[in-house]
Amino acid sequence: MTDPADSIEIQNVVASTGIGQELDLEALAEDLPGADFNPDNFPGLVYRTQEPKAAALIFRSGKIVCTGAKSIADVHDALGIIFEKLRDLSIPVEDDPNITVQNIVSSADLGHQLNLNALAIGLGLEDVEYEPEQFPGLVYRMDEPDVVILLFGSGKIVITGGKRTDDAEGAVEEIVERIESLGLLG
Amino acid sequence: RLRKWQERIRTKDAGERNLQFALSEIDRMASALGVPRSVREVASVIYRRALKEDLIRGRSIEGVATAALYAACRQEGIPRSLDEVAEVSRVEQKEIGRTYRYISQELGLELKPVDPKQFVPRFASALGLSEETQAKATEIIDVSAEQGLLSGKSPTGFAAAAIYAASLLCNEKKTQREVADVAQVTEVTIRNRYQEQIEAMGFR
DNA sequence: GCTTTAAAAAGTAACCT
DNA sequence: AGGTTACTTTACAAAGC
């Protein structure tokens, strides 16, 4: 009996921070090798770190969004690299900028195939969005923890919208319980 | 005071004009899709409810009208695919789908997922298939859905594959291309669903 | 509302061989 | 017929249109 909670893997962490300093993105785009800056397209400058692999969106205000990291530690490491690069360019960066995790995307496997049709009705059509003509996953909005779960026929699921690592654990526990109480889990 | 009064009339007239436009669009699209009058009535009711609940703000009248018609077809058990509805609407498919999900949620329509079987009579008759073949296709859908093959699959693709399989089994063969054209799916989808369904039926 | 970034799930589609 | 690539859905921040 494998616990679905053990299958949880963080796939992406989105976080925001700021260096407390206005930036000249035109100049930064010149000085930062590999930076992408197309102000006509998007106001942020895109910078990618290789290790850990992540992408940062750097704005004129000095605010930064980091996405693509596989853990909260990776977010801190990736942003740490960026802070150092900026300091190397003589840009003053706060000592230890606040980093706020905004969203964590995780995947997991319930270990059984799911009858999404029965699940849509069982979980309650009012809380569920299941339109297989548009997308193969059933969208379930959970209140506690406050996350959105995508459930697939294979039993694989995606949990998104959480801000804490243990939101995924709580969500898996809760969804397994609800599905089991409906008698719809294997 | 006079201005205010005139403005009220103006907005009332504008609202009335918009409603008439929406209802005539529903009528036009329904005719193009060949859906019965009763469904147009249901679509009109859904549209008026959406209007009353102020769901049109930030959305186009045409988008809500199209979504209302799409919902009405489903509610009446004679669904049209989003593809088909988009063909007669000036709103793109993605937007119709989004608007449908929104009004469906807000109005609490609670429509069950589309049953592939509901496409069988229409697709099969467009292909000139017999009652026997239609019954076979329906049986294939029931059996393979019971075995869990339907989860996440497009209802039109699922129906198309079953119709293709039934046409072979009943010696009224239609090509994958012919079935794909009426169901508006690709041959690849029919092939994939067909293989699974045939296996579920215990053939092969 | 849109633009951009990242990542997973599974289905469908477009295009090429 | 197969393979690759790309798009659909969810969440979230950022600045600006």
Side-chain angles (χ1 to χ4, degrees), chain A residues 7-18 22-23 25 36-49 52-71 74-75 78 99-110 113-114 116 129-142 146-163 167-168 171, chain B residues 57-60 81-83 93-95 97-98 101 150-158 160 176 180 183-193 195-196:
Chain A
S7 70
I8 297 174
E9 281 180 51
I10 293 182
Q11 300 291 350
N12 183 22
V13 178
V14 181
S16 58
T17 186
E22 293 258 335
L23 292 167
L25 297 184
D36 288 340
F37 184 46
N38 303 302
D40 294 345
N41 252 289
F42 188 69
L45 178 154
V46 181
Y47 183 74
R48 286 161 232 269
T49 57
K53 190 180 171 221
L57 305 178
I58 304 174
F59 297 88
R60 195 190 54 221
S61 63
K63 293 193 175 175
I64 301 175
V65 170
C66 178
T67 185
K70 292 280 184 194
S71 69
D74 281 355
V75 167
I99 296 174
T100 308
V101 174
Q102 302 287 356
N103 182 25
I104 298 177
V105 182
S106 299
S107 60
D109 190 349
L110 300 185
Q113 301 250 312
L114 298 172
L116 299 183
E129 231 177 65
Y130 174 50
E131 292 295 329
E133 188 187 344
Q134 302 178 58
F135 185 69
L138 183 156
V139 182
Y140 184 63
R141 281 159 216 281
M142 186 173 274
D146 190 6
V147 297
V148 171
I149 307 178
L150 308 181
L151 301 114
F152 297 86
S154 64
K156 302 265 186 73
I157 70 172
V158 170
I159 305 105
T160 187
K163 289 188 156 56
D167 282 342
Chain B
R57 274 195 187 170
R59 259 159 277 271
S60 70
S81 68
L82 281 176
D83 255 14
Q93 192 192 314
K94 195 171 155 183
E95 181 61 22
R98 280 188 192 179
R101 279 179 274 152
L150 182 54
S151 284
K153 310 299 200 323
S154 132
T156 45
F158 208 81
Q176 291 180 1
Q184 303 229 256
V185 297
T186 63
E187 294 166 271
V188 178
T189 296
I190 292 187
R191 248 173 260 138
N192 292 338
R193 295 307 134 249
Q195 290 299 340
E196 297 171 351

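- What separates CZ of A:R48 from P of C:dT4 is a distance of 12 Å, to the nearest Å.
- Look at CD on B:Q93: it is 10 Å from P on D:dT9, rounded to the nearest Å.
- Minimum heavy-atom separation, A:D109 to A:S7: N-OG, 2.8 Å.
- For A:V147 against A:G161, the heavy-atom pair with the smallest separation is CG1-C, 4.4 Å.
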Can you pull every protein N or O that's under 3.5 Å from an N or O on nucleotides 13-17 of chain C?
residue, atom, partner, partner atom, Å
C:dA13, OP2, B:T186, N, 3.1
C:dA13, OP2, B:T186, OG1, 3.0
C:dA13, OP2, B:T189, OG1, 2.7

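- In this structure, C:dT17 forms a base pair with D:dA1, meeting either the Watson-Crick or the G-U wobble geometry with both donor-acceptor distances under 3.5 Å.
- C:dT3 and D:dC7 have their P atoms separated by 12 Å, given to the nearest Å.
- Residues forming a ring pair (Phe, Tyr, Trp, His ring centres under 6.0 Å) with A:F135 (at least two apart in sequence, or on another chain): A:F152.
- When the P atom of D:dA15 is taken as reference, atom CG of A:D40 falls 19 Å away, rounded to whole Å.
- Under a 4.0 Å N-O distance rule, the pair A:E129/B:R101 qualifies as a salt bridge.
- In terms of modelled atom types and a separation under 3.5 Å, the side chain of B:S151 and the main chain of A:L116 share a donor-acceptor contact.
- With hydrogens and angles ignored, no donor-acceptor pair under 3.5 angstrom links the side chain of A:S107 to the base of C:dA8.
- For the pair A:I8 CD1 and C:dA9 C1', the interatomic distance rounds to 15 Å; values are reported in whole Å.
- The side chain of A:N41 approaches C:dT3 more closely than any other nucleotide in the set C:dT3, C:dA7, C:dA6.
- Looking only at distances, no side-chain donor or acceptor of A:Y130 sits under 3.5 Å from a matching main-chain atom of A:Y140.
- Across every non-hydrogen atom of A:K163 and A:Q102, the tightest pair is NZ-O, 3.2 Å.
- Between the side chain of A:T49 and the backbone N or O of A:A78, no donor-acceptor pair lies under 3.5 Å.
- Among the atoms of the strands shown, only primed sugar atoms or phosphate atoms (P, OP1, OP2) are found under 4.0 Å from some heavy atom of B:G152.
- One can place NZ of A:K163 at 8 Å from C1' of D:dA11, the figure rounded to the nearest angstrom.
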Give every pair of a protein N or O atom and an N or O atom of nucleotides 4-8 of chain D that lie under 3.5 Å apart, one pair per line with the distance.
residue, atom, partner, partner atom, Å
D:dT8, OP1, B:K94, NZ, 2.9

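- The side chain of A:V105 sits closest to C:dA7 out of C:dA9, D:dT10, C:dA7.
- Rounded to the nearest Å, the gap between the P atom of D:dT9 and that of C:dC2 is 10 Å.
- If you check D:dA11 for Watson-Crick or wobble pairing at under 3.5 angstrom, you find it has no partner at all.
- Checking D:dA11, C:dA6, D:dT9 against the side-chain heavy atoms of A:N103 singles out D:dA11 as nearest.
- Checked against D:dT10, D:dA13, C:dT5, the side chain of A:V46 finds its nearest nucleotide in C:dT5.
- Rounded to an integer number of Å, the gap from A:L57 CG to D:dA15 P is 11 Å.
- Taking a pair to require two hydrogen-bonding distances under 3.5 Å in either a Watson-Crick or a G-U wobble arrangement, C:dA7 remains unpaired.
- With C:dA7, C:dT5, D:dA15 as the choices, the nucleotide that has an atom nearest any side-chain atom of A:N12 turns out to be C:dA7.
- Using a 4.5 Å heavy-atom threshold, the side chains of A:I58 and A:L23 count as touching.
- With rounding to whole Å, A:Q11 atom CD is found 6 Å from C:dA7 atom C1'.
- In this structure, A:E9 atom CD and C:dA7 atom P are separated by 14 Å, rounded to whole Å.
- Taking the P atom of each, D:dG2 and C:dA8 are spaced 26 Å apart, rounded to whole Å.
- When side chains are defined from C-beta on, A:I159 does not count as touching A:D167, because their heavy atoms never get closer than 4.5 Å.
- When the side-chain nitrogen and oxygen atoms of A:K70 are compared with OP1 and OP2 of C:dA6, none of them lie within a distance under 4.0 Å.
- Between the base of D:dA13 and the side chain of A:S16 there is no donor-acceptor pair shorter than 3.5 Å.
- Counting any heavy atom pair closer than 4.0 Å across all strands shown, A:S61 reaches sugar-phosphate atoms only and no base atom.
- Within the 3.5 Å criterion, the main-chain N or O of B:L82 finds a donor-acceptor partner in the side chain of A:E133.
- Nearer to the 5' terminus of DNA chain C, by closest-nucleotide assignment, is the contact made by B:R98 (compared with the other of A:S154 and B:R98).
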